[in-house]
Amino acid sequence: MPFNPLVQEPEIQKRWLSENAFASPSSSGMKGRRKFYALVMLPYPSGRIHMGHVRNYTLGDIAARFQGMRGAAVCQPLGWDAFGLPAENAAIQNNIHPAAWTRQNISDMKAQIVSMGVSYDWNREIATCFPDYYRWNQWLFLRMWERGDVFRAERNVNWCEALGTVLANEQVIDGKYERTGDAVVQKPMEQYFLRITKYADELLNDLDDLDWPENVKAMQRHWIGRSEGAVVRFQVSGGGKEETGDSRGTGKHEARPRDASATASRNLSTATCCIEVFTTRLDTLFGVSFMALSTEHPLIAEAAKTDDALRRFCERIAAMGREERLACDVKEGCRTPIVVLHPFTGDTVPVFAANYVLMDYGSGAVMGVPAHDERDNEFAKKYGLPIVKVIESNDPFEKGTLINSGRFNGMSSDAAVDAMVGDLKGMAERSVTYKLKDWGLSRQRYWGTPVPTVHCDRCGVQPVPASDLPVSLPEDIVFTGAGPSPLTTSAAFLRAVCPVCGGPARRETDTMDTFVDSSWYFLRYLDPQNAGAPFSRAEADAWMPVDLYIGGIEHATAHLVYARYFHKVLRDLGFVGCDEPFKKLICQGMVLKDGAKMSKSKGNVVDPDDVIARYGADALRAFMAFAAPIEKEIDWIGFEGIEGASRFLRRVTRLVDDYCEQDMDGESNIREPRDGSVPAGSAERLLAGGVWSAEEKLLLHKLNVAIKRITDDLEVRYQFNTVVSSLMELANDISALPADAPRRREIMGCALSVFVRLMSPVAPHLAEQLWEQLGGKGFCMNSSWPEYETAWLETDEQLVVVQINGKVRGRVTVKSNADDEERKGAALACPEARAHLIGKEIRKVIVVPGGKLVSIVV
RNA sequence: GCCGGUGUGGCGGAAUGGCAGACGCAGUCGACUCAAAAUCGACCGCCCAAAAGGCGUGGGGGUUCAAGUCCCUCCACCGGCACCA
């Protein structure tokens with residue numbers, strides 16, 4: 001049968017689907033089989049798949065199909081990250097409802113993915129925009145609310161005055177709304193937060209044991225940003241300052257989004273006349289010559305009310321856009337009337353507002369030690385502040401021995417920190433600060449999960465009772481792109497009852513960040529129809545953790561941190577039994593075109609549909625697997641690569657066709673499985689067959705080596721490019737068998753049956769076609785993975801490389817059972833070696849383990 | 001600046017410390033053909049006319065009988081973070 005993927009592939013896909021070939025069992029149906037949970041990152045239904053999807057899904061499918069043939073119960077689901085901004089934009093632009101737009105996109109993309117032949121279990125398909133999914137977002141929100149893991153606080157949002165609406169970060173470019181160019185400013189709004197910082201240490205420490213790429217783990221460590229040091233309080237000097245004290249401890253600031261360090265610092269900030277700083281270098285305390293506070297620090301804001309210069313400075317810094325401010329690395333400050341006292345010397349220390357101090361890290365205040373900190377040094381020079389050296393060391397910014405530090409002189413930096421903390425009882429203590437921020441959940445948009453709360457004038461913000469879920473998105477919404485959140489336009493939606501007092505209440509119009517949807521979807525796949533719980537513990541126990549997670553590196557921090565966090569919360573709620581959701585992670589490289597990212601705007605997009613329409617899915621899959629190691633970029637220079645893959649598949653088809661015509665005599669060479677698992681015609685059966693010609697032996701040897709290599713590459717190394725090169729090599733070896741080989745018919749039957757199965761994960765459609773042609777029963781994908789026979793990994797004779805002083809000088813062939821002495825003798829006797837050994841004294845002869853090389857030292 | 005990574009033919013890449021360049025792409029020559037396509041065969045790192053030989057995995061050094069692989073050092077490039085106190 002000719003290679004005609006454009007006709008064959010859709011037919012085979014139809015059969016797979018109609019016979020439910022990709023279905024995975026539930027926990028009760030696994031029959032003691034090993035499980036393999038293969039996962040790809042939840043796609044956004046944008047409407048078309050691109051080459052990145054193709055690469056991602058191909059590689060995942062190769063692993064999943066291999067594991068299935070290897071005997072594992074495989075779960076490989078797919079679903080849709082169906083909430084989000086583009087659907088709302090489409091609604092505004094094209095007057096189509098986000099739900100309709102999303103449904104259409106899902107159906108289009110699903111058809112494309114089916115045409116790739118990926119073995120997804122569509123029975124487990126989910127879409128996050130359906131109430132039977134997002135109700136569980138709401139339900140989990142309520143459970144987290146009960147645990148005290150949800151809080152409300154004020155935080156800046158991107159506010160567009162012209163449109164009267166809040167915008168997402170990706171809608172704001174250079175301080176303007178990307179569409180209209182209207183100005184966007186930062187404006188504080190009260191929103192919901194999840195206390196992810198509670199898990200900061202666990203999220204950091206558990207990274208060590210994950211089989212993840214090193215760069216992703218490094219990015220997460222950096223994102224969490226744990227930093228050990230101490231908190232110190234400096235007393236504000238002079239009278240009349242009480243009212244300007246740090247308001248951290250007051251009711252208002254209790255509601256601020258808190259980073260993890262705030263917990264430790266709270267005890268220290270009860271007094272109202274202190275400035276609190278976090279430092280990693282408490283040992284430099286005697287070198288403090290100024291204090292630098294963020295322009296947004298409450299004390300500065302207070303002082304600016306009565307100090308015009310300070311107010312103008314703060315306004316100027318505030319007027320700078322976020323990006324402009326980060327790009328500017330010139331230190332600037334403004335002296336304030338505030339003065340604090342040094343906790344040991346009692347000296348007065350001036351307080352500055354400074355542009356280089358961030359309000360959202362530590363306490364928004366820094367103790368300035370110009371002699372031992374580069375930034376403080378630059379600042380002190382600019383404003384003529386004293387630079388006092390208090391550490392003796394090779395590098396002024398490193399730890400060392402204390403000088404000019406009173407009774408601490410002579411101590412090491414580490415010892416001094418302990419001593420100072422001891423002496424400053426109540427005014428200082430060891431502390432840890434993180435860069436990780438609590439997770440701001442609120443989005444003021446329509447197409448997302450409604451936050452299940454109501455606002456009651458009497459009872460405040462109250463959660464909706466679980467029995468009232470889901471809080472469904474209303475359909476009667478007008479999308480204009482301007483004005484407040486679209487949800488506020490539905491009167492029926494807004495009308496609610498307070499669950500506490502029963503009085504009238506206004507429903508919450510915030511929706512949830514879509515990262516919530518993607519933080520636990522891999523658990524819903526396991527029990528997608530469950531109407532009483534997000535998923536059952538039995539299914540989670542049966543399938544979790546995910547064995548292989550493949551996706552783009554762009555999710556290295558946000559999604560992969562949030563999902564780990566949710567998983568830990570679910571563990572603490574008793575829903576899952578393991579600590580981490582994703583055992584092994586692979587981030588596949590991008591598919592580029594001429595060195596640049598494919599994008600519509602550049603017009604350099606190669607559409608997978610076009611490629612499949614021309615070459616078929618198998619050729620595209622084989623190319624994707626073969627082109628480069630999985631984590632590297634692929635540059636789609638032209639169609640040469642896929643031509644090569646297609647050529648390979650045609651060659652294989654011809655090989656089987658020729659065999660069927662010439663050798664099979666119309667009768668199947670693959671008989672019924674002997675014991676229900678290993679089909680007859682396998683290499684091990686042929687081993688017992690007796691006498692073989694040299695070429696036949698060589699082919700059987702290579703066949704077994706290929707089985708071992710390919711199995712190893714798929715199972716242990718996840719190196720898919722060499723899987724394909726091994727297949728190509730084996731195809732070449734099979735075609736090299738002489739036409740007059742005495743037992744050609746038997747050996748070809750065996751070799752091709754093995755080959756087709758080895759090829760099946762990469763080129764599943766052609767494998768089915770050839771499997772059927774060879775007389776195989778059922779789907780090739782349901783046949784068993786070939787096993788190699790250890791004895792065939794060896795040959796009767798072995799090549800021994802002869803090295804003299806590390807240079808290859810000759811080669812000899814010996815019997816495989818030759819011992820080291822015989823190998824030595826053969827090596828010394830070979831003519832090339834003898835020529836090089838004339839007149840030289842042999843000092844040492846080494847036979848390497850395995851005996852493949854003899855090294856002679858003269 | 002800090003962190004992570006990568007440097008191998010014209011290109012993509014292969015190689016548990018043991019024959020560097022597997023496999024493929026591109027290319028050259030040949031066969032088949034009226035011709036083309038497809039297919040098949042041969043060649044395909046550099047130096048030398050060739051053989052023999054020498055050189056060769058970013059540079060330099062080291063460990064080893066043996067280094068693309070391990071160690072030190074320098075360089076280049078890619079990615080992430082970046083005034084994080």
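Just so you know, these numbers use all the heavy atoms, side chains as well, and skip hydrogens, waters and symmetry mates. The sequence lines fix the lettering, A, B, ..., with proteins before strands; numbering per chain opens at 1.
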Can you check whether A/Tyr615 and A/Phe623 have ring centres sitting under 6.0 Å from each other? no
Please, which pairs that meet salt bridge (Lys or Arg N to Asp or Glu O under 4.0 Å) have at least one residue in residues 637-648 of chain A, sequence neighbours excluded? none
Name the pairs: protein N/O against N/O of nucleotides 64-72 of chain B, kept only if under 3.5 Å.
from	atom 1	to	atom 2	distance (Å)
B/C65	OP1	A/Lys844	NZ	3.4
B/C65	O2	A/Ser855	OG	2.7

Given B/G12, is OP1 or OP2 found less than 4.0 Å from the side-chain N or O atoms of A/Lys632? no
Ranking B/G54, B/C19, B/G53 by distance to the side chain of A/His836, first place goes to B/G53
Return the polar atom pairs (N/O with N/O) between nucleotides 27-31 of chain B and the protein under 3.5 Å, or none.
none

Interatomic distance, CG@A/Leu649 vs CE@A/Met728, rounded to 0.5 Å, equals 8.0 Å
Could you report the tightest heavy-atom contact between A/Leu424 and A/Pro343, atom names first, then the distance? CD2-CB, 3.6 Å
In terms of base orientation, is B/G7 syn or anti, with the syn window spanning 90° either side of 0? anti
Pair A/Phe379 and A/Phe352, ring centroids less than 6.0 Å apart: yes
Taking only residues two or more places apart in sequence or in another chain, which ones pass side chain to side chain donor-acceptor pair (under 3.5 Å) with A/Asp201? A/Arg226, A/Tyr434
From the set B/C83, B/A85, B/G4, return the single nucleotide nearest to any side-chain atom of A/Asn215. B/G4
Counterpart residues, side chain to side chain contact (heavy atoms under 4.5 Å, CB included), relative to A/Pro629 (two or more places apart): A/Glu631, A/Lys632, A/Asn721
Indicate for each nucleotide in nucleotides 21-26 of chain B, in 5' to 3' sequence, whether protein heavy atoms under 4.0 Å reach the base (B), only the sugar-phosphate (S), or nothing (-). -BBSSS
In whole Å, what is the span from the CG atom of A/Asn377 to the C1' atom of B/C83? 14 Å
For nucleotides 58-60 of chain B, list the nitrogen or oxygen atoms of the protein found under 3.5 Å from its nitrogen or oxygen atoms, one pair per line.
none

Between the side-chain atoms of A/Arg221 and the base atoms of B/C3, is any donor-acceptor pair under 3.5 Å? no
Please confirm whether any donor atom in the side chain of A/Lys331 sits under 3.5 Å from an acceptor in the base of B/C83, or the reverse. yes
Which dot-bracket string fits RNA chain B when only Watson-Crick or G-U wobble pairs with both atom distances under 3.5 Å count, crossing pairs get [ ], and | stands for a partner on a different strand? (((((((..(((.....[....))).(((((.......))))).(((.....)))..(((((..]....))))))))))))....
Residues passing the side chain to side chain donor-acceptor pair (under 3.5 Å) test with A/Glu715, sequence neighbours excluded, are A/Arg70
Partners of A/Lys708 by side chain to side chain donor-acceptor pair (under 3.5 Å), sequence neighbours excluded? none
Quick one, A/Val232 and A/Leu282 - any side-chain contact, counting heavy atoms below 4.5 Å? yes
Which residues share a side chain to side chain donor-acceptor pair (under 3.5 Å) with A/Arg654, sequence neighbours left out: none
Measuring from the side chain of A/Arg809 (C-beta onward, heavy atoms only), which nucleotide among B/C3, B/U16, B/G53 has the closest atom? B/G53
Using the test ring-ring contact (aromatic ring centres under 6.0 Å, His included), find all partners of A/Tyr562 that sit at least two apart in sequence or belong to another chain. A/Trp439, A/Phe515
Measure from the side-chain heavy atoms of A/Ala628 and tell me the nearest of B/G12, B/C40, B/A85. B/G12
Does the side chain of A/Gln719 get closer than 4.0 angstrom to OP1 or OP2 of B/A15 through an N or O atom? yes
Are any of the side-chain heavy atoms of A/Leu592 and A/Trp636 separated by less than 4.5 Å? no
